[in-house]
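Just so you know, ligand 1 is whichever comes first in the structure, and atom 1 is the first atom listed for that ligand.
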Amino acid sequence: MPTTSTPTHCPYCALQCGMALSPLPTGGVEVVERADFPVNRGALCGKGRTAPALLSSRVRLTSPLVRSGDSLVPAGWDEALDRIAGRLGRIRDEHGPDALGVFGGGGLTNEKAYALGKFARVVLGTSQIDYNGRFCMSSAAAAGVKAFGLDRGLPFPLEDIPRSGCVILVGSNLAETMPPSLRFFSELRENGGTLIVVDPRRTRTAEQADLHLMPRPGTDLALALGLLHLIVAEGRVDEEYVRERTTGWEEARAAAMAHWPEYVERITGVSVPQLRETVRLFCEPEAAMVLTARGPEQQSKGTDTVGAWINLCLATGRAGRPLSGYGCLTGQGNGQGGREHGQKADQLPGYRKLDDPAARRHVAEVWGVDPDSLPGPGRSAYELLDALGGDVRSLLLMGSNPVVSAPHASHVEERLRSLDLLVVCDVVLSETAALADVVLPVTQWAEETGTTTSLEGRVLLRRQAISPPDGVRSDLEVLRELAARLGVEKGFPADPEEVFEELRRASAGGIADYSGITYGRLAAENGVFWPCPAPAEAPGNGADGSARDAEPARDPGSGSGSGPDHPGTPRLFLDRFATPDGRARFVPVTHRPVAEEPDDDYPVLLTTGRVVAQYQSGAQTRRVDELNAAAPGPFVELHPRLAARIGAAEGDPVSVVSRRGRAVAPARITTGIRPDTVFMPFHWPGEGRANTLTNPALDPTSRMPEFKVCAVRVETAES
Ligand code: SF4
């Protein structure tokens, strides 16, 4: 193992802050600043700073566990793996391959996500695979593909933000989710640009804005349409851009014109003067951006909502131009890469579509299988969880904790309990692992090497800095061992670089083309932005519309064609969009209500989100003392008027009841939230589990559940 400091990246969110790990004389590692990485320049939030705590935590799993009655008891690796393979084989024989479910995670490295997708389709032969990234950014991905022909979180580096003129940040609380990124927005303002935040809460991020719009949860779509209406009415459309670089404007314009400002004010609660001011601030500078996050995306109309914000960018010529554009602030550490390489229900590596015959042929050739043997697209994440115990009889789960993170979590928990076989690979006994029949202890972050792809589309190398504890194996080893036991001896190497080499070949020529990226380059550079074709294809990169066919074909597997290395593509769409005709597509959208509007029984809206000291389901961060001290438990944030109405004082236990269940947590009373809305963070299990309440209504395109809004009743806990 390294004796000097190892440059790497944080294990948590999609900012993927650079850090270095330095060995301690007493064993273990400590985080040291790494100022050379341009995204965070050494700055880290508390989660990143304390990340090594979990490496040596006493709650770390170091032995497989197998179920014996109501208990999980330690077992040897062979016993555990034999038990899994035997039962998977029997379930497949009895019920067919689609009875075998697989659930991945947006925290898995690219190599693991790739290997998991291949394992599901080649070894198990199942279509029933999806991952928790579906809960994260799938609506933005769907809208991006519709409009631009390609989904990459940000089509430009974060470093462009300070030089833009205006940024509208929709439903993102970066001050809590990605604190080091705030400096880009501070610099934007220092440079004379403006920051507009759209959020029903006055978050720490909103406090830094020049203008804060507080729409009613679930009305961002109407808000964007109202802004577009005003843009048209005030003659601010960039007609030349619309004519030359887009299609579909007339339909989108007609849809927006039905959303006049006063109507939008009634729907959203955002006043007409605020709408006009937003339009002025957005349209006056030469360049502007819209960035969305989970607020507008985690809705049953998330794809249309993001589409409406993209339309705003297109109408004003703010896409595919320097310092302008639409971007999605992806949340999970490898949320971006995780959706590019095949663990998503409908995708093959390279962001290829599973129902595309040419894509199937290409990937099948790399995998050495018959294209016809590959299953078709499967169910989306919530639909898969909902099917457990029905036609899906087993689940292999990696890097996810749906008992806390899935919507309608009590139902998901019940479905998990009904399985014939639940296998969980994790570093700790998460709430989901505690339900498993077999738990496999796996390596984490600093104990293994692998790549991730940040929210910028920047592929990064996380290097191993420390040996894993005895008794622990990597996810790649687990897949190799299970594949062998199920009769597939080859094609599942445990060496991450070997997996990446195959991933390069599988992604070559795809939208997310990694074929020109090597571990060697990643070690020498501060990441490489995809698409990055192998040298013989340079300079074309296809996805940004440059001349993919300008160079003769080459063997994508060689990794070192005759030309110079492709530099990667930090900025997409500058010449053309990734659509067949090179033009961006307006998508006509109209306002519609959320799936569950308030009524007499459930008169208040619940919205959910995160706090700075915890990460996602909290499986990791709830086991770090310093983070727990900073954020020990859930709370219900509510306005003083609502608190007075139910008779709750600060700290009183408050009961939040939806059609799906009840959660109880202490009241946190603030004027920084709308009186018709309560907020709960979702990191905790048990009585205060916010996802007991959330609505699994799905977006028809992205299949994203409506985490961000549901109707609830709020009472004092004694009521
Ligand atoms: Fe890690 Fe994200 Fe915090 Fe950076 S902002 S240190 S990547 S959790």
Side-chain angles (χ1 to χ4, degrees), residues 6-22 29-55 105-110 133 136-137 153-154 157-159 161 169 172-186 203-205 208 291 293-294 328-338 399 405 427 444-446 450-463 465 526-527 609-624 626-628 630-631 681-683:
T6 305
T8 188
H9 295 271
C10 175
Y12 294 116
C13 83
L15 205 56
Q16 285 296 283
C17 291
M19 59 168 62
L21 295 176
S22 195
V29 287
E30 66 174 346
V31 170
V32 291
E33 188 175 300
R34 187 184 148 202
D36 68 309
F37 188 60
V39 170
N40 62 312
R41 294 192 206 143
L44 297 167
C45 77
K47 298 184 289 288
R49 269 189 290 103
T50 59
L54 202 60
L55 295 168
L108 300 179
T109 60
N110 290 320
C136 180
M137 61 333 98
L154 298 181
L158 285 159
E159 290 166 288
I161 290 172
L169 202 50
S172 169
N173 184 8
L174 290 168
E176 305 244 12
T177 56
M178 299 177 176
S181 70
L182 265 193
R183 76 169 167 86
F184 296 108
F185 300 89
S186 307
T203 60
R204 290 191 210 170
T205 311
Q208 310 205 13
L291 304 179
R294 304 304 79 76
C328 155
L329 296 158
T330 300
Q332 292 193 77
N334 196 31
Q336 180 70 47
S405 62
V427 300
Q444 53 173 314
W445 163 65
T451 61
T452 60
T453 305
S454 78
L455 79 173
E456 300 174 290
R458 191 194 295 252
V459 185
L460 299 162
L461 184 63
R462 276 199 206 147
R463 298 170 176 84
N526 259 329
R610 290 173 46 190
V611 298
V612 66
Q614 300 288 353
Y615 180 69
Q616 306 294 56
S617 79
Q620 296 145 289
T621 51
R622 281 187 279 110
R623 290 167 172 86
V624 175
E626 188 179 329
L627 300 176
N628 262 339
F682 68 87
H683 310 289

Q: Kindly confirm whether atom 3 (Fe) of ligand 1 is within less than 2.8 Å of some N/O/S atom in C45?
A: yes
Q.
To check you understand the geometry: which heavy-atom pair defines the closest contact between L460 and G527, and what is its length?
A. CD2-CA, 3.9 Å
Q) Side chain, backbone, both or neither: which part of M19 has a heavy atom under 4.0 Å from ligand 1? A) neither
Q. Does L158 offer a backbone N or O that forms a donor-acceptor pair with the side chain of E456 under 3.5 Å?
A. yes
**Q.** Shortest protein contact, atom 5 (S) of ligand 1 (heavy atom only)
**A.** P180 CD, 3.4 Å
Q) Which is it for Y615 and V624 under the side-chain contact (heavy atoms from CB on, under 4.5 Å) test, yes or no, and what are the steps along the way? A) CA-CA 11 Å; Y615 180 69; V624 175; over 6 Å; no
Q) Under a heavy-atom criterion of less than 4.0 Å, does N40 contact ligand 1? A) no
Q) So, for Q616 and H683, which heavy atoms are closest and what is the spacing to 0.1 Å? A) O-ND1, 2.7 Å
**Q.** Backbone N/O of A53 and side chain of R623: donor-acceptor pair under 3.5 Å
**A.** no
Q | Shortest non-hydrogen contact between V612 and P179, atoms and distance | A | CG2-CG, 3.8 Å
Q.
Closer than 4.0 Å to some heavy atom of C17 - which atoms of ligand 1 meet that?
A. 4 (Fe), 5 (S), 6 (S), 7 (S)
(Q) Within the 4.0 Å heavy-atom shell around K47, which atoms of ligand 1 are there? (A) 8 (S)
(Q) If we set the cut-off at 4.0 Å for heavy atoms, which region of P11 has an atom near ligand 1: side chain, backbone, both, or neither? (A) neither
Q.
Suppose we only count N/O/S atoms under 2.8 Å; would C13 qualify as near atom 2 (Fe) of ligand 1?
A. yes
Q | Ligand-residue contact atoms, ligand 1 with G48, heavy atoms, under 4.0 Å | A | 6 (S)
Q. Knowing that exactly one of M178, Q332, Q16 qualifies, which makes a side-chain contact (heavy atoms from CB on, under 4.5 Å) with L455?
A. M178
Q. For F184 and I161, which heavy atoms make the closest approach, and how far apart are they?
A. O-CG2, 3.7 Å
Q. Tell me: protein heavy atom nearest atom 1 (Fe) of ligand 1, and distance?
A. C10 SG, 2.3 Å
Q. Which atoms from ligand 1 have a heavy atom of Y12 less than 4.0 Å away?
A. 8 (S)
